[in-house]
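Here is the structure we will look at.
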Amino acid sequence: MLDGIFARTSIPLLHRILNLTTARERAIASNVANVNTPGYRRKDVAFEELLAEATGRGFLSGLKAHERHMDVGGARLAGEQVPLEEVPGTGGAANDVNIETEMVEMAKTQLTYLVSAQLISNNFKALLASIRGRT
């Protein structure tokens, strides 16, 4: 019965987002911990692709009403690839972790997590208000 109630809300999708952001945080933490490890290869979670799969939709894209408007969304939201940088002085066992990139990804992931947690909290508050008969 509870699964039926939750299925009508965004709680399952938000739960998935929280799990994905947690997995991405772990990958970023591993990258930061190994920033000086020779030969370490950067890890990441294909967050955008997995989210699109979970929602059953493609990526967001904006309507272009004039030829001078910028493209919004589409393939660019699929995740721009940061070119791998060679770390000088590692003698062929280059590490492809860029600490600045990791910090930016961490901030984005934390914001996504906080917004998702707030939205799931709001969903539970709305369910509780419905149960109590308040709006």
Side-chain angles (χ1 to χ4, degrees):
M1 180 173 163
L2 287 179
D3 288 339
I5 293 172
F6 291 149
R8 295 179 189 164
T9 67
S10 58
I11 291 172
L13 175 62
L14 292 168
H15 180 253
R16 176 82 193 240
I17 291 171
L18 290 176
N19 286 339
L20 290 172
T21 53
T22 301
R24 184 173 258 180
E25 285 281 340
R26 275 193 224 116
I28 292 169
S30 177
N31 293 340
V32 170
N34 289 291
V35 69
N36 293 323
T37 303
Y40 178 81
R41 308 305 299 171
R42 183 180 185 273
K43 297 178 182 172
D44 195 11
V45 173
F47 182 84
E48 290 79 9
E49 290 84 4
L50 294 171
L51 182 60
E53 178 185 308
T55 60
R57 297 182 218 149
F59 296 103
L60 296 175
S61 63
L63 177 65
K64 194 172 176 180
H66 190 273
E67 75 258 3
R68 296 181 75 185
H69 289 169
M70 292 175 31
D71 291 326
V72 177
R76 290 184 312 135
L77 292 179
E80 293 181 45
Q81 296 294 319
V82 176
L84 301 180
E85 297 177 14
E86 295 263 338
V87 178
T90 56
N95 181 321
D96 65 351
V97 176
N98 179 319
I99 197 69
E100 288 86 14
T101 301
E102 299 302 322
M103 294 298 108
V104 169
E105 290 300 320
M106 182 181 291
K108 287 175 17 183
T109 304
Q110 287 174 344
L111 287 173
T112 302
Y113 185 90
L114 290 174
V115 169
S116 300
Q118 185 62 50
L119 290 173
I120 205 166
S121 173
N122 290 346
N123 271 280
F124 280 115
K125 286 177 185 173
L127 283 173
L128 184 61
S130 296
I131 292 169
R132 290 182 176 164
R134 298 183 208 152
T135 58

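Starting from 1, each residue takes its place in the sequence as its number.
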Within this structure, what is the CD1-CD distance for the pair Ile28 and Gln110, rounded to the nearest 0.5 Å? 8.0 Å

Shortest non-hydrogen contact from His15 toward Ile120: N-CD1, 4.1 Å

Quick check on the hydrophobic clustering: are Ile17 and Leu114 connected, directly or via other members, by side-chain heavy-atom contacts under 4.5 Å? no

Would you say Val115 and Phe124 are hydrophobically clustered, going by side-chain heavy atoms of ILVMFWY under 4.5 Å? yes

Which heavy atom of Val45 sits nearest a heavy atom of Arg24, and at what distance? O-NH2, 2.9 Å

How many angstroms lie between OH in Tyr113 and OG1 in Thr21, if you round to the nearest 0.5 Å? 6.5 Å

Side chain to side chain contact (heavy atoms under 4.5 Å, CB included) assessment of Ser10 paired with Asn123: CA-CA 8 Å; Ser10 58; Asn123 271 280; 3.1 Å; yes

Does the pair Arg42/Asp96 count as a salt bridge with the N-to-O cut at 4.0 Å? no

Is there a donor-acceptor pair under 3.5 Å between the side chain of Ser116 and the backbone N or O of Thr112? yes

Grab the two heavy atoms, one from Val97 and one from Glu102, that are nearest each other, plus how far apart they are. CG1-CG, 3.8 Å

So, does Asn95 use its side chain to make a donor-acceptor pair with the main chain of Val35 at under 3.5 Å? yes

In the structure I gave you, are the side-chain heavy atoms of Asn31 and Glu105 within less than 4.5 Å of one another anywhere? no

Are any side-chain N or O atoms of Asn98 and backbone N or O atoms of Thr101, one a donor and one an acceptor, separated by less than 3.5 Å? yes

Is there a path of hydrophobic side-chain contacts, each under 4.5 Å between heavy atoms of I/L/V/M/F/W/Y residues, joining Leu20 to Val104? no

Once you round to the nearest 0.5 Å, how far does CG of Leu13 lie from CG of Leu18? 9.5 Å

Are the side chain of Ser30 and the backbone of Arg26 linked by a donor-acceptor contact shorter than 3.5 Å? no

